[in-house]
Structures are given as C-alpha cells and as structure tokens.
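Count residues from 1 along the sequence. When a ligand or atom number is given, it counts from 1 through the structure's own listing order.
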Amino acid sequence: MSQYHALSEQEAVEYARNIPNFFPEGAEFVSREIGDGNLNLVFHISDKVSGKSLILKQALPYAKVVGESWPLTLDRARIESEVLLLEASLCPELVPHVYTYDPALALTVMEDLSDHTIMRRGLIEGNRYPLFAAHISHFLAKTLFYTSDLGLNQQEKKLKVQQFINPELCKITEDLIFDHPYWNAETNNYNPLIRKEVEQIWQNDKLQFEVAVLREKFLTHAQALLHGDLHTGSVFITARSTKVIDPEFGFYGPMGFDIGAVIANLLLNYAGQEAWIADEKARHDFREYLLETIRDIWTLFAEQFQAHWTQDGVDRLSKVAGYREDYMLRLLQDSIGFAGSKMIRRIIGLAHVADIQSILDLEARARSERIALSIGESLILLNRHAHSIEEVIDIAKGALTE
Ligand code: SR1
Ligand code: MG
C-alpha cells in the first residue's frame with residue numbers, strides 16, 4: 001500500500017487515460033468528484049468526444065463523514081470489488097460491471113450508472129419502481145442462498161468466510177446500529193424535539209434485550225455473504241433496471257440483516273412521506289405502494305429462495321422434514337428484527353437518511369421521526385414472535401394512527 005495516496009481530479013483523469021482499451025485516442029476528459037456517501041471518493045470520468053464514461057471509486061484511509069480522526073481500513077475496497085465479482089457471477093444484471101481493481105490505490109474502476117437514479121432520491125421525489133420488488137428479491141435469494149451452507153459446499157464456504165472477513169467495517173455496524181442508539185453515546189445525533197422518545201428507548205429493558213439478541217446474531221451467525229449495507233442509497237434504479245452498489249460492508253453474517261435493511265429503508269421513506277407529499281390521498285396511495293413493495297419483496301424472496309433450496313440444495317440434512325419451513329420462519333423473524341434496528345439507528349445514531357433528515361422544519365421532521373421510531377421499536381419487539389410479513393404492514397399502518 002506504499003504507493004497509496006488520495007487522487008486529485010487531475011490524477012483521476014490521468015488514471016482513466018491509462019486504462020488499456022477503454023477511452024479512444026484524443027479523448028477530451030471531463031471529471032467530477034460525485035461521492036456523497038460517508039466513506040469514499042467517487043470520480044465520474046467521461047470523454048466528451050466518444051461519450052464513453054466510467055467510475056473510479058477510491059477508498060479513503062478514514063471515514064469521510066467524521067474526518068481523519070476516524071481511521072478506516074483500505075481493505076474494504078478489495079472486499080467491495082470481490083463481493084461485486086461474486087454477485088456478478090450469480091446475478092450479473094443486478095450489479096455494476098467491475099472493469100478492474102487496483103489494490104495499491106484501493107481503487108475500483110467500474111461501470112458508470114449515471115443513467116440510473118439513487119433509489120432513495122427517487123422515492124423522496126415520489127417515484128415508483130414497479131420492478132424493484134422482483135429485482136431485489138431475485139438478488140437476495142441468489143446471493144444469500146448460493147453463498148450459504150445450503151447452496152455451497154461447506155468447506156468452500158469456510159474459505160469464503162475467511163476471504164470476506166471484515167472486522168473494521170463490522171465494528172462500525174456493531175457500534176452504530178446495535179449499541180450507541182441505546183444509550184447516551186457521543187456519536188448519537190438526534191432532533192432535540194424527540195428527546196423524550198429517545199430517553200424512553202434508553203430506558204426500555206425489553207427492547208434492549210431484543211437488541212442484544214440481534215447483535216449476538218450479527219456477531220456470530222456466519223450464514224451467508226451479505227452486502228452488509230443494503231439501504232436505498234446503495235441501489236441505482238430506473239423503471240426497468242436495478243443495480244446494487246457499494247458492498248464494502250460485505251461479510252459473512254445473518255441473512256436477515258440484508259433483507260431487513262431493504263424493508264427498513266422503505267419504511268423510513270414511508271415515515272418521511274409525512275412531509276414530502278402534501279395531498280393526503282396521494283400520500284396514502286404512495287405509502288400503500290411502499291407497503292405492497294415490502295410484501296412482494298418478502299413473498300418473492302421466500303418463493304425463489306425455497307426454489308433454489310429444492311433444486312440446488314447441497315446438504316442432505318436440509319431435506320429433513322420441517323427444516324426448510326422452520327428456517328424460513330427464522331429468516332422472516334430475523335429480517336423483521338434487523339429492519340427495526342436499522343430504522344432506530346437512522347433516527348438516533350450518527351448517520352441519518354435524507355428521507356427524514358432533509359425535512360428542514362424540525363417539528364415536521366419530528367413527526368416523521370416519531371413514526372419511524374414507533375415502527376422500529378414495534379418490529380424489534382415483534383421479531384422472535386412474528387409469523388407473517390402482514391404483521392409488519394399492520395405495524396406500519398398502526399404507527400400513523402398513534
Ligand atoms: C461511519 S459510516 C456510517 C454509515 O454509513 C454507511 O453507509 C453505513 O451504513 C455506516 O453505518
Ligand atoms: Mg455505502
């Protein structure tokens with residue numbers, strides 16, 4: 001890593017110019033640093049003449065959201081590029097194409113998806129994505145089944161656990177999702193108008209117990225290769241296409257963590273719509289669309305995951321009577337619990353989501369935050385007792401009437 005330094009825009013252009021067989025001779029480059037995430041530099045490089053373009057994504061040796069005082073491993077760039085390649089072997093149409101990875105600069109060269117929109121932004125604007133449920137359930141079923149002990153030889157799986165060991169990024173999740181939001185931690189960042197609700201969460205022993213159980217699963221349950229940060233900011237989307245990006249938090253963990261992340265982020269948007277859609281009927285309809293999407297995601301995921309199980313299950317014991325049904329129920333319960341914890345962290349913890357944070361009026365924002373906290377809390381308390389995705393829908397509807 002001795003060659004490593006953060007690229008300037010000019011250096012990014014020079015780097016792109018030297019990528020073999022991509023840009024033609026005489027290219028006229030335009031470069032923009034477009035990284036708006038918490039951790040990395042992202043350069044969009046295009047050639048005005050040919051119209052060709054690509055993305056250079058470079059990991060910084062610290063968390064950009066906090067600054068140089070929070071050092072962070074560059075190995076996450078390797079993890080991200082290797083997860084993307086593995087995902088591409090399972091569902092190539094759902095991830096960006098990786099052209100090359102440069103370990104010395106912790107830099108990945110990948111397909112430009114600027115004809116897509118970041119899904120979080122699209123949802124805030126009230127756009128609907130009718131194919132998303134089909135696409136994301138396909139992504140989840142494929143990536144989770146075929147990297148687990150169900151779909152992969154168990155010795156091979158253990159080597160993958162080793163390949164994707166990601167302690168530093170997991171530590172961020174362990175702290176920011178499962179620990180800090182539940183006490184008066186310095187990293188927390190919440191709207192002063194919801195202080196009462198936040199303190200109630202800090203004093204809720206039943207809730208804290210469930211969070212401890214979820215955290216234990218996150219720490220110990222190496223079930224499948226996860227994306228690890230599958231929120232709607234990690235999805236590029238159009239009406240016809242879905243691309244899952246940014247798997248730098250990838251590691252072997254509990255499957256429900258990825259499924260729960262998708263559900264949580266749709267519900268955070270559901271809560272934020274309090275402020276975005278003024279007309280009551282239109283707001284109700286959009287929220288119904290979000291709930292329908294959640295129902296479809298779980299139903300389609302469960303169908304496809306079980307079809308993979310029946311067709312490609314490698315483990316004799318996975319055919320034991322009742323095991324598959326029991327596994328699917330535990331998966332649903334985990335997904336619900338993780339969804340709840342992912343909602344609460346976005347309201348109380350360090351990193352928020354634009355669906356709610358960009359509501360400028362603090363009173364209006366607090367209304368959305370209370371809805372999100374109420375749903376998150378109910379999902380966590382429900383998790384180990386849940387039997388159906390319908391219970392999630394009922395909780396979300398109920399939170400509007402409190
Ligand atoms: C310090 S990183 C904060 C958050 O950004 C990422 O997207 C993850 O969700 C992480 O928890
Ligand atoms: Mg990210």
Is it true that Glu174 and Lys171 make a salt bridge, defined as a side-chain N closer than 4.0 Å to a carboxylate O?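 So Glu174 does not pair with Lys171 through a salt bridge.
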Pair Glu168 + Arg76, salt bridge at N-O below 4.0 Å:
no
Can you tell me which residue and heavy atom of the protein come closest to [atom], and the distance to 0.1 Å?
atom	result
atom 11 (O) of ligand 1	Arg345 NH2, 2.6 Å
atom 4 (C) of ligand 1	Asn38 ND2, 3.4 Å
atom 7 (O) of ligand 1	Asp229 OD2, 2.6 Å
atom 2 (S) of ligand 1	Leu39 CD2, 3.8 Å
atom 1 (C) of ligand 1	Val65 CG1, 3.6 Å

Does even one non-hydrogen atom of Arg346 get within less than 4.0 Å of ligand 1? yes
Under a heavy-atom criterion of less than 4.0 Å, does Thr173 contact ligand 1?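 Checking ligand 1 against Thr173, which is what was asked, there is no heavy-atom contact under 4.0 Å.
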If we ignore angles and hydrogens, is there a donor and acceptor under 3.5 Å between the side chains of [X] and [Y]?
X	Y	answer
Glu248	Asn40	yes
Asn269	Gln273	yes
Thr143	His227	no

Asp355 and salt bridge (Lys or Arg N to Asp or Glu O under 4.0 Å): which single residue from Arg121, Arg346, Arg365, Arg120 fits?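 Among the candidates, only Arg120 passes.
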Next item on the list: State whether the shortest distance between N or O atoms of Trp70 and N or O atoms of ligand 1 falls below 3.5 angstrom.
Entry: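 No: no nitrogen or oxygen of Trp70 is under 3.5 Å from one in ligand 1.
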Notebook entry, point to check: Any donor-acceptor pair under 3.5 Å linking the side chain of Tyr190 with the backbone of Val198?
Noted result: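 Checked: no pair found.
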Per-atom filter on ligand 1: closer than 4.0 angstrom to a heavy atom of Ile172 are 11 (O)
Numbered in order shown, the ligand 1 atoms found under 4.0 Å of a heavy atom of His231 are 7 (O)
